[in-house]
Number of protein chains: 2
Amino acid sequence: MENTEDIRPKRREPAALDAFDRKILAALAADADQSYAALGEKVGLSPPAVHERVRRLKRSGVIRDVVARLDGTSVGKPLTAFMHVEAAGWGKSERLMQIARFPEVEEMHSVAGDASMILKVRMENPQALEFLLGQIHAVPGVHGTKSYIALSTYLDRPVQADVTVGWPAVPFSSE
Amino acid sequence: MENTEDIRPKRREPAALDAFDRKILAALAADADQSYAALGEKVGLSPPAVHERVRRLKRSGVIRDVVARLDGTSVGKPLTAFMHVEAAGWGKSERLMQIARFPEVEEMHSVAGDASMILKVRMENPQALEFLLGQIHAVPGVHGTKSYIALSTYLDRPVQADVTVGWPAVPFSSE
DNA sequence: CTTTTCCGCCGAATAATCTTCGGCAAGATT
DNA sequence: AATCTTGCCGAAGATTATTCGGCGGAAAAG
């Protein structure tokens, strides 16, 4: 055919998600234990088509991973807490990062606001929380911490594929 | 045999997790896309044995669910924030619960501390955040809110199966 | 307005996995 | 010591994942 040596990246754009992708993502974010046949029926595609799309979504990073969500209490960590850490200069010292090694630490974000870092942790008991606080205060530059212990969790779900569109207009009252 | 009509519950105890269960949970919390054969090899059990254990772990609730974790930015919500809501008397009004209808709201906890409720939200942009704040302030009893916008997320993982045992002794320095 | 190219879907076929089913062995119970 | 229970394994069948060729439809090229 052609002998053009043109090896332009040819990189396809991230290719914005279409309606099918959205439905697939919504379904998988709610339950990843479905067969491609079941997914296909929900979104209106054949199993192979869904398979190919999921493959692409995973490789492109839209789907970060597929995981089993465990019950904190069942694995021995009934105490959930959010910890605000105030650190000097800049929060993300390598030292502070090591706190992430504890399996009790699930999230770690640097934030704009009073705190320089917010952690989500899940502990065995108050004593364990105290120990962790000790570890954090031992980090150079940490000024102080504020802990908020969760009494009840009313909602805890993964990133949803849907986005609210007509913001001012809200879904209240209607139901 | 016996003709005893004794229909005592006979309910088996939750049966504490053994080493095999722990390994299976740890593996599935990291990656639920593995075959039972692969899992079996990791934990030292046959595929059917792993299958049976996973089945039990799911039914008993230790494994809440299996989900695909999506990339916030890819689905159009690059802005993550934690919102502290101060509400009168008690936070958990039915009205406030309706906030959970927004797909932008991922977590909702009542907490002990200054705030009566902490939300984790993921928005499209600051405007969307503003609209959501408006919705929250419109809820009767809400005194105020404090928002912490995440600048960077250094860690974001599901509940880990492992628990730190010898707390005072920490994994630092060693590596 | 055609022709060409590319992309993504479908249906069928194969490969792999899941799931079920006896049978067996170890520990607990009687 | 006999019995019961529990949980494992290997094998077999059912279901699913994955690959493949071919077929449009839309966009780009002519």
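Chain naming here is simple, since letters A, B, ... match the order of the sequence lines and numbering starts at 1 in each.
- Using a 4.0 Å cutoff on non-hydrogen atoms, the parts of residues 50-57 of chain A near DNA chain D are A/His51, ordered by number.
- Taking A/Tyr148 as the reference, A/His84, B/His84 meet the ring-ring contact (aromatic ring centres under 6.0 Å, His included) condition, with sequence neighbours excluded.
- Electrostatic pairing of B/Asp65 and A/Arg157 does not count as a salt bridge here, judged by no charged N lying under 4.0 Å from a carboxylate O.
- Taken to the nearest 0.5 Å, the NE2 atom of A/His51 stands 14.0 Å off from the CG atom of A/Leu45.
- Within the 4.5 Å cutoff, side-chain heavy atoms of B/Leu119 are placed close to those of B/Ile136.
- Here the side chains of A/Val159 and A/Arg64 are not in contact, with every heavy-atom distance at 4.5 Å or above.
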Determine, stepwise, if the pair B/Lys77 / B/Glu104 fulfils salt bridge (charged side-chain N to carboxylate O under 4.0 Å, His left out). CA-CA 8 Å; B/Lys77 292 180 285 190; B/Glu104 281 77 10; 5.2 Å; no
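- Near DNA chain C, meaning a heavy atom under 4.0 Å from it, residues 30-48 of chain A has A/Leu45, A/Ser46, A/Pro48 in order of number.
- Within the 4.5 Å cutoff, the side chain of A/Thr80 has heavy atoms near those of the A/Lys120 side chain.
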